[in-house]
Visitor: 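Could you have a look at this structure, given as structure tokens, before my questions?
If you read the sequence from its start, that first residue is 1, and numbering goes on from there. Just follow the structure's listing: the first ligand is 1, and inside any ligand the first atom is 1.
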Amino acid sequence: MIEREQIEMDVVFVGAGPANLAGALWLKKKIAEHDELVDRGLKAGHTIGEIEIGIVEKGSFVGAHILSGAVMDPIAIRELMPDFLEQGCPVDSVVTEDAFWYLTEKGSIAPPIVPPPLKNKGKYIISLSKMCEWLGEKCEEAGINIFPEFPAAEVLYDGNDRVIGVRTGDKGIDKDGKQKDNFEPGVDLLAKVTVLGEGSRGSLAKQLMARLGLMEGKEAQVFSIGVKELWEVPAGNFEQGRVVHTLGFPSDTQTYGGGWIYGMKDNVVSIGYVTGLDYKDPNIDPHAEFQKFKTHPKVAEILTGGKMIKYGAKTINAGGYWTMPRLYGDGVLLVGDTASFLNGQRIKGIHTAMKSGMLAAETIVDALGHGDTSSKHLKHFEEKVNLSWIYDELHPVRNFHAAFQKGRWSALINTGLQFLTKGLAWGFMPKEHHVAGHQRMEKVSAMPANGRYDQVPFDKELTFDKVTDVFYGAVAHDEDQPSHLHVLDTEICATRCAEEYDNPCQRFCPAAVYEMEERNGRKELKVNFSNCVHCKTCDIADPYQIINWVTPEGGGGPNYKGM
Ligand code: SF4
């Protein structure tokens, strides 16, 4: 029996992303306002006083595991900190020019009008990693405790399924599960309220949703994966402040996908490609889709003479409003991408994530002020969301992603009509709006033989293989630890999956973690867990749902500083 230290906090935020960092800062501010109003007799309830707020983060520093495009709508940060620019918020560039390209095999069509949801002039191109690092500093200045290298490994419950905190992961366990000399048991962080803002497909949120039935009556979540590189390009290739979004090449018309190219300062270009993880063809490889995207003449031209400097990949929740889980339970709230706050039509989620964290904070203040952090008070979080601009933004695009489940052409007509009617779905929508992505994957035998990526040279100049890209993601895990990728039945991999889907994990993982290697006279699964960039694609896209991503030892993973 391992003895664990217990640390009593009041509120614990899991994950140092934009939702939780904004939420923690807002909580501090709102408690002070609440106490003043109560003291002056202008508000009912008790004063709250000084409380202990903690943020646990699995990365080695705040921002280490944060990856996004990213163009930020400043609406939320302006509410959080009206003088965010004066306070040194590290925005990279102001968007000065928008473009939308429909890419054909070799050419492109640029409609004279950029679709309104993709208009970004005046918004900010940022490195979300840098911005979170800066928000983390602001939190520390405000007296909020930040614990980097502390992965939350388990939700703690009382006997009535009330969430009472989280247990952080043990350190110093070897690959056979034995304690090493440097063994340190994880600690139990006990809290009146735990806020899960772990990003897309949070590992604790997954457990919690199943245990408390938070997805009952909701539509299945659908995800996409974004694969991104930063490039330094010659001056003049792509102007700072220019934002381009693309549709078409290389995705087929049945696959949701699109690209982005953002011009940052110092001739750095953020370039990436999003592939919906509800694709049908198991031969699809999202990393190779991105590499192929870069071979398009119009895209390659931008990168000519440049060099790739950073790599990363991350999933995003694409389902939107209908796929939000119940956002609360006794002692717990869910925020940000973990709870599907992203606007898929605008490809934006930073502002909605931050606002969700801030509304969660207001809910917590009310609950603490009443001395009751059960669902009775925490359920007001959902009302606050539905009364805020989050609802005004997400409800009209509630059917956006579902329209793509019948292919690109019906989606384009449907989304145009949705735009005019504030989101009404039309007859050519699928009956079930969202089918979980892995359920849409078809057997490899039903797909035509294809040479999707035969023309991609992987020449390490314009296009890169996964192992080279992982090097640029600065990924590191101590190899003498148990794998954090739990494959529940490897016999399925060697038999049914090989036959039915040709082991799509080898393709959907953007970091070459999964390999089928010759062993015992057949091909068996090898898991190179130390390559993992924590994107969560395998947990989402595996057709048998037998891969469980759990937190590795704290500090392991990519280093997305500046991404
Ligand atoms: Fe992403 Fe899973 Fe591959 Fe890790 S192992 S990089 S989480 S797909």
Side-chain angles (χ1 to χ4, degrees), residues 15 17 58-59 64-68 151 153 169 198-206 221-229 272-279 282 284-291 310-318 337-338 437-438 441 464-479 481-488 490 493 497 501 503-517 525-553 555-560 563:
K58 65 185 167 65
H65 292 177
I66 300 289
L67 184 78
S68 182
E198 306 167 279
S200 167
R201 191 67 150 201
S203 49
L204 297 196
K206 182 179 165 186
Q221 185 54 267
V222 283
F223 297 85
S224 298
I225 172 172
V227 183
K228 169 179 172 179
E229 289 169 354
Y273 200 82
V274 170
T275 299
L277 290 174
D278 47 1
Y279 56 76
I284 284 179
D285 178 330
H287 172 271
E289 291 281 302
F290 170 50
Q291 301 305 320
K310 286 287 264 180
Y311 170 77
K314 189 135 184 40
T315 50
I316 50 177
N317 292 60
D337 265 13
T338 289
H438 68 273
M441 194 182 281
F464 300 88
D465 57 80
K466 291 178 183 177
V467 173
T468 306
D469 259 337
V470 165
F471 175 78
Y472 284 90
V475 184
H477 292 91
D478 181 347
E479 301 220 1
Q481 66 173 302
S483 169
H484 64 283
L485 300 154
H486 295 180
V487 183
L488 306 180
T490 50
C493 310
C497 189
Y501 298 101
N503 303 109
C505 56
Q506 300 177 99
R507 293 176 292 282
F508 59 57
C509 170
V513 168
Y514 298 100
E515 249 183 275
M516 296 303 289
E517 65 169 18
L525 184 70
K526 181 179 174 209
V527 180
N528 307 305
F529 75 86
S530 57
N531 281 2
C532 178
V533 295
H534 297 200
C535 72
K536 316 285 180 73
T537 303
C538 50
D539 194 296
I540 294 161
D542 165 41
Y544 303 95
Q545 293 292 286
I546 53 170
I547 302 179
N548 257 342
W549 189 100
V550 302
T551 44
E553 192 167 288
N559 180 339
Y560 289 149
M563 277 288 266

Visitor: Can you check side-chain contact (heavy atoms from CB on, under 4.5 Å) on Tyr311 and Lys228, steps first, answer last?
Guide: CA-CA 6 Å; Tyr311 170 77; Lys228 169 179 172 179; over 6 Å; no
Visitor: Can you check the number of protein N/O/S atoms within less than 2.8 Å of atom 3 (Fe) of ligand 1?
Guide: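 Under the 2.8 Å cut-off, the count stands at 1.
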Visitor: Take the angle between the ring planes of His477 and His484 and call it parallel below 30°, perpendicular above 60°, tilted in between.
Guide: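 His477 vs His484 ring planes: parallel.
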Visitor: Could you pull out all residues at least two apart from Tyr472 that satisfy side-chain hydrogen bond (donor to acceptor under 3.5 Å, both in side chains)?
Guide: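 Listed in chain order: nothing, the list is empty.
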Visitor: Residues two or more places apart in sequence or in another chain: which of them pass side-chain contact (heavy atoms from CB on, under 4.5 Å) with Ser203?
Guide: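 side-chain contact (heavy atoms from CB on, under 4.5 Å) check on Ser203 returns Glu198, Trp549, Thr551.
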Visitor: Looking only at protein heavy atoms, identify the closest one to atom 7 (S) of ligand 1 and say how far it is in Å.
Guide: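 The answer is Lys536 N, 3.1 Å.
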Visitor: May I ask you to list the atoms of ligand 1 that are less than 4.0 angstrom from any heavy atom of Trp549?
Guide: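 By the 4.0 Å cutoff, the relevant atoms are 7 (S).
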Visitor: Rounded to the nearest 0.5 Å, what's the gap from CZ on Phe223 to CD1 on Ile540? Could you check?
Guide: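 So the CZ of Phe223 and the CD1 of Ile540 are separated by 4.5 Å.
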Visitor: Measure across Val487 and Val527 and return the closest heavy-atom pair with its distance rounded to 0.1 Å.
Guide: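 The pair with the smallest heavy-atom distance is CG2-CG2, 4.3 Å.
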Visitor: Should the proximity of Phe529 to ligand 1, defined as any heavy atom under 4.0 Å, be assigned to the side chain, the backbone, both, or neither?
Guide: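 No part of Phe529 is near ligand 1 at this cut-off.
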Visitor: Between side-chain atoms of residues 504-512 and protein atoms elsewhere (two or more places apart, or another chain), which donor-acceptor pairs fall under 3.5 Å?
Guide:
{"residue": "Gln506", "atom": "OE1", "partner": "Met516", "partner atom": "N", "Å": "3.3"}
{"residue": "Gln506", "atom": "NE2", "partner": "Asn503", "partner atom": "O", "Å": "3.3"}
{"residue": "Arg507", "atom": "NE", "partner": "Pro282", "partner atom": "O", "Å": "2.8"}
{"residue": "Arg507", "atom": "NH1", "partner": "Asp502", "partner atom": "O", "Å": "3.2"}
{"residue": "Arg507", "atom": "NH2", "partner": "Pro282", "partner atom": "O", "Å": "3.2"}
{"residue": "Arg507", "atom": "NH2", "partner": "Tyr501", "partner atom": "O", "Å": "3.1"}
{"residue": "Arg507", "atom": "NH2", "partner": "Asp502", "partner atom": "O", "Å": "2.8"}

